[in-house]
Amino acid sequence: MKTKKFLLTDQQIPTQWYNVAADMPNKPLPPLDPRTRKPVTPEQMNMLFAEELVRQEFSQERFIDIPDEVRECYRIWRCSPLVRAYSLEKALDTPAHIYFKNESVSPAGSHKPNTALPQAYYNARQGIKHLTTETGGGQWGSAIALASQYFGLDLKVFMVKVSYQQKPYRKLLMNTWGAEVIPSPSTTTEAGRHALAADPDCSGNLGLAISEAVETAMQHPEDTRYCLGSVLNHVLLHQTVIGQEALVQMEMAGEEPDVVIGCFGGGSNFAGIGFPFLGRKFRKGGNTRIVAVEPASCPKLTRGEFQYDFGDVAGMTPMLPMYTLGHDFQPADIHAGGLRYHGAGSLVSQLLRDKLIEAVAVPQLETFSAGLLFARTEGIVPAPESTHAIAVAVREALKAKEEGRQRTILFNLSGHGLIDLYAYEQYFEGKLQDYNLTDAELHKTIDRLDKIIK
Ligand SMILES: *Cc1c(COP(=O)(O)O)cnc(C)c1O
């Protein structure tokens, strides 16, 4: 019998995270304080984030040690399997070899606990007692709830009100792991009260939820910090356990990927699978392509502009150098909620600008049909976000067939879709559609950016 799953032992959980900044030919530009337009100092960021996370945010060291306490909890589900998708290959009748790294096996069902655990750990080690964060669909909220529970922190999650009402299961998952979930806008903050005064029926948005979480953390600098599940350098760093394991597992399989694919929201799972392969390419050469996949309705990498922009809709965060659609861009209501973000983290943006990685945008219906094919061949129901990576893996496999060439394809299965079946129901009922962003819609927000980068 041919090997389907390439498995590592607990002892092979990586001992270090890989920091791509060390190997980049052009380092990312610094974050700016929006008022002074000067680089933000680590001291300023320490008010909001745990000190070690801020140190990692600015670090140029190639490898950063993973604390034993974090590796111990990684053991709950790591190392995650690398799987050869034989049945998908057969269905596509392709000569390509398709592999996926299965990050859906974590307790929260996605890659997000890879960073939630170290974030909670460093906060707890510093003596912090309370964390605040925001969540849209609830994937990040549930990952950080799990991690906060593990390290004895109290967690408040501001969940966008419309999701709070529509996605009761993720809220319950957060409650199960001991978190308090507050629908945003709430009356507990200035920002929330302000929004409710303007519109008592306000259904909320991610930017507003961020404002509430940040405000709550800032009120108690003595023992409260805020945390974030994507975009920032330290978050991408923590996710590199994915790609480091995959490097070893691909070696076990005796193959080298020609292309490594990850779906793209703020960049964390893409960086997680892609950066270790990119790092090897920087050091040892090779032709591996690293491809980020975004939704056609939110195409910051393929159609956005490289500019300084805010990380959040409300304009409260430092300004980051990023490919962006403008921080007040309102993406269409697609089901891959985790990919509806206006910008890309600064590491990924610089790499794209230097043409060291590639990006492609795919329409929603193609992603669901690829996701369904995957579920019906490989058995795992993918998260709507992850179906974007699957769609491009399928495109690559069909191209290999057309060219009559063997190619090796690796993609990251960032999560399962068992709590997203509503999206599949909509697809079955023919209620989903593609959203093709017009140039006019695109420029409505991009043209409003104040253009700092020449
Ligand atoms: C949050 C999420 C994403 C998007 O976030 P990234 O930071 O770009 O990885 C993708 N897939 C799943 C399953 C998620 O939960």
Side-chain angles (χ1 to χ4, degrees), residues 80 100-116 119 133-146 159-160 163 167 169-170 173-174 206 227-243 260-275 290-295 298-301 311 320 322-323 331 334-349 351-352 357 359 361-362 367 371 374 380-392 411-421 423:
S80 71
F100 64 93
K101 181 73 168 152
N102 188 359
E103 288 296 310
S104 81
V105 297
S106 83
S110 79
H111 64 291
K112 288 198 172 77
N114 294 333
T115 182
Q119 290 195 38
T133 197
E134 74 288 337
T135 196
Q139 286 153 318
W140 167 243
S142 46
I144 190 72
L146 165 78
M159 184 171 191
V160 177
S163 306
K167 302 196 171 173
Y169 294 117
R170 278 217 220 270
L173 204 48
M174 291 184 256
L206 209 51
C227 54
L228 196 63
S230 187
V231 182
L232 295 179
N233 301 347
H234 67 267
V235 180
L236 275 53
L237 172 80
H238 300 153
Q239 294 294 350
T240 58
V241 288
I242 304 173
V260 178
I261 302 164
C263 69
F264 198 97
S268 76
N269 91 88
F270 165 75
I273 188 103
F275 284 0
I290 318 284
V291 181
V293 189
E294 62 184 5
C298 193
K300 62 251 182 180
L301 297 173
L320 303 169
M322 48 160 67
Y323 277 95
I334 57 164
H335 282 279
L339 308 186
R340 292 175 74 239
Y341 181 71
H342 68 275
S346 33
L347 290 170
V348 173
S349 293
L351 289 166
L352 182 66
I357 59 170
V362 286
T367 68
F374 184 77
I380 302 168
V381 179
E385 290 84 1
S386 315
T387 61
H388 288 69
I390 300 173
V392 169
F411 73 86
N412 192 37
L413 183 72
S414 56
H416 69 66
L418 294 180
I419 309 184
D420 304 288
L421 289 175

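Just so you know, ligand 1 is whichever comes first in the structure, and atom 1 is the first atom listed for that ligand.
- Atoms of ligand 1 lying under 4.0 Å from at least one heavy atom of Phe264, given by number and element, are 8 (O).
- Between the side chains of Ser106 and His111, no donor-acceptor pair of N or O atoms lies under 3.5 Å.
- Between the side chains of Ser230 and Trp140, no donor-acceptor pair is found at a separation under 3.5 Å.
- Remark: minimum distance from atom 7 (O) of ligand 1 to any protein heavy atom is reached at Ser230 OG, 2.5 Å.
- Of all protein heavy atoms, the one lying nearest to atom 8 (O) of ligand 1 is Gly265 N, 2.7 Å.
- For ligand 1, the polar-atom distance check finds an N/O of Gly266 within less than 3.5 Å of one of the ligand's N/O atoms.
- From the protein, the heavy atom lying nearest to atom 13 (C) of ligand 1 is Ser414 OG, 3.4 Å.
- Some N or O of Gly267 is nearer than 3.5 Å to an N or O of ligand 1, by distance alone.
- Phe374 and Phe100 have their aromatic ring centers within a separation under 6.0 angstrom.
- For the residue pair Ser110 and Ser414, no side-chain donor N or O sits within less than 3.5 Å of a side-chain acceptor on the partner.
- On a distance-only criterion, Glu385 and ligand 1 share no N/O pair closer than 3.5 Å.
- Contact annotation: for Tyr341 versus ligand 1, there are no heavy atoms closer than 4.0 Å.
- Remark: ligand 1 and Ser386 share no N or O pair separated by less than 3.5 Å (distance only, no angle test).
- For atom 4 (C) of ligand 1, the closest heavy atom belonging to the protein is Gly338 O, 3.4 Å.
- Taking every non-hydrogen atom of Gly415 and a distance limit under 4.0 Å, the qualifying atoms of ligand 1 come out as 13 (C).
- Between the side chains of Glu385 and Asn269, no donor-acceptor pair is found at a separation under 3.5 Å.
- Comparing Lys112, His111, Gln139 against atom 2 (C) of ligand 1, the shortest heavy-atom distance belongs to Lys112.
- Between the OH atom in Tyr169 and the CG atom in Leu421 there is a gap of 10.5 Å [rounded to 0.5 Å].
- Closest heavy-atom contact between Asn412 and Lys101: OD1-O, 3.4 Å.
- Between the side chains of Ser104 and His416, no donor-acceptor pair of N or O atoms lies under 3.5 Å.
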